[in-house]
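We count ligands from 1, going down the list as the structure has it; atoms in each ligand are counted the same way. All values derive from a computational prediction rather than experimental measurement.
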Amino acid sequence: MRVLLLGGTAEARALADRLVAAGVDVTTSLAGRVTDPRLPSGAVRIGGFGGIDGLRAALAEYDAVVDATHPFATTMSANAASACSAAGRPLLRLERPGWATRAGPLWHWADTHQQAAELAARLGRRPVLTIGRQQLAAYLPALHDVSVLARVVELPSIGVPPGWTVITDRGPYALPGELALLREHRADVVVSKDSGGQYTWPKMQAAAQLGLPVVVVRRPARPAGVATVHDVEPVLAWIAELHTGTGKI
Ligand code: NAP
């Protein structure tokens with residue numbers, strides 16, 4: 001049983017640990033966006049597959065696929081759905097629940113990054129952006145002239161306006177540090193994706209404690225028809241079922 005695990009998330013690393021411990025032949029795939037990625041247990045391959053056709057060809061080496069990529073990694077998830085369907089490989093999506101049920105009274109939802117930027121511009125003059133490096137360009141028009149603090153894992157390739165400060169850091173984060181970050185910047189609005197999970201939740205708690213509005217970018221739509229679970233345990237059961245039909249690895 002050879003499992004391809006599309007990763008780049010904490011859940012994918014947790015799943016890889018469990019699969020390796022259970023003796024499953026798992027290969028985690030990373031996009032290669034980060035120069036110093038946190039590596040999971042087991043085999044790792046790094047870099048794109050070359051679209052749907054490239055992934056479909058790569059699937060000759062695997063019996064099943066788990067898509068545990070980030071909720072905003074929509075291209076990879078769509079490619080996985082198409083390639084697995086074309087190659088006849090079972091696919092399961094592992095996705096952490098979003099934060100909608102934990103939304104605070106000062107949350108403002110946005111459907112796109114552009115909308116989030118416009119909302120942030122209306123709500124404050126000292127925004128903290130925690131939306132990643134790849135989408136920063138969408139915030140330039142609306143927030144060009146305000147004092148932005150952007151926190152990213154790796155420095156962006158685009159130039160940013162002189163009033164912006166870009167810092168690099170990587171979660172998990174804790175509440176005291178998040179409070180200090182928002183206070184030091186004198187933040188008046190926070191922008192985040194609906195990433196879900198605990199790793200980056202403390203910034204939402206910090207914003208709530210400081211009475212700051214938060215702009216939250218809604219998750220993009222998922223490919224239809226892909227079975228989805230929210231925890232590692234059901235993935236283990238799914239793989240065991242595929243492997244032996246017993247539900248045990
Ligand atoms: P994306 O926009 O959905 O994917 C763009 C392309 O990157 C894909 O078509 C694929 O290239 C390649 N790719 C993406 N994930 C890959 C993986 N796990 N293994 C191999 N190739 C991959 O992806 P993204 O949003 O840039 O995210 C890239 C990675 O960062 C993912 O692993 C994701 O889990 C992680 N991540 C993303 C975010 C986020 O907010 N987007 C946050 C945290 C972590 P080919 O077409 O050439 O195969």
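Under 3.5 Å, the side chains of Thr69 and Arg93 contain a donor-acceptor pair of N or O atoms.
Set against the non-hydrogen atoms of Lys193, the atoms of ligand 1 under 4.0 Å away are 39 (C), 40 (O). Those atoms of ligand 1 that come under 4.0 Å of a heavy atom in Asn79, given as number and element, are 9 (O), 46 (O). Within ligand 1, the atoms closer than 4.0 Å to a non-hydrogen atom of Gly51 are 45 (P), 46 (O), 47 (O), 48 (O), numbered from 1 in the order shown. Which parts of ligand 1 touch Gly8 is read off a 4.0 Å heavy-atom cut-off, strictly below it: atoms 32 (O), 34 (O), 35 (C), 36 (N), 44 (C). Less than 4.0 angstrom separates some heavy atom of Gly48 from each of these atoms of ligand 1: 11 (O), 21 (N), 45 (P), 47 (O), 48 (O). Below 4.0 Å from some heavy atom of Phe72 lie the following atoms of ligand 1, by number and element: 25 (O), 40 (O), 41 (N). Close contacts between ligand 1 and Arg45 involve ligand atoms 20 (C) [criterion: under 4.0 Å to a heavy atom]. Proximity to Thr69 (heavy-atom distance under 4.0 Å) selects the following atoms of ligand 1: 18 (N), 34 (O).
Applying side chain to side chain contact (heavy atoms under 4.5 Å, CB included) to Val235 and the options Leu19, Val66, Leu5 leaves one that passes, Val66.
By the criterion of a heavy-atom distance under 4.0 Å, neither the backbone nor the side chain of Glu11 is placed next to ligand 1. When heavy-atom distances to ligand 1 are checked against a 4.0 Å cut-off, Thr74 comes that close only through its backbone atoms N, CA, C and O.
Atom 6 (C) of ligand 1 has its nearest heavy-atom neighbour, among His70, Arg33, Arg133, Gln134, in Arg33.
The protein heavy atom nearest to atom 16 (C) of ligand 1 is Met76 SD, 3.4 Å. Closest to atom 47 (O) of ligand 1 among all protein heavy atoms lies Gly50 N, 2.9 Å. If you check which protein heavy atom lies closest to atom 28 (C) of ligand 1, you get Ala31 CB, 3.7 Å. Summary of contacts: the protein heavy atom closest to atom 23 (O) of ligand 1 is Ala73 CB, 3.6 Å. Closest to atom 20 (C) of ligand 1, if we only count protein heavy atoms, is Ser29 OG, 3.1 Å.
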Problem set entry | Step-by-step salt bridge (charged side-chain N to carboxylate O under 4.0 Å, His left out) determination, Arg96 to Glu11 | CA-CA 8 Å; Arg96 62 181 93 141; Glu11 308 81 81; 3.0 Å; yes

For this session: Would you please test Arg218 and Asp111 for salt bridge (charged side-chain N to carboxylate O under 4.0 Å, His left out) and show each step?
Result: CA-CA 5 Å; Arg218 273 199 185 87; Asp111 288 327; 2.7 Å; yes

Exercise. Between Arg170 and Glu154, does a salt bridge (charged side-chain N to carboxylate O under 4.0 Å, His left out) hold up when you go through it step by step?
Worked result: CA-CA 9 Å; Arg170 183 146 64 170; Glu154 200 137 308; over 6 Å; no

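Ion pair Arg2/Asp25 not flagged as a salt bridge, since none of the NZ, NE, NH1 or NH2 atoms sits closer than 4.0 Å to an Asp/Glu carboxylate oxygen.
Using a non-hydrogen distance threshold of 4.0 Å, Gly7 registers as a contact of ligand 1. Under a 4.0 Å heavy-atom criterion, Gly47 is in contact with ligand 1.
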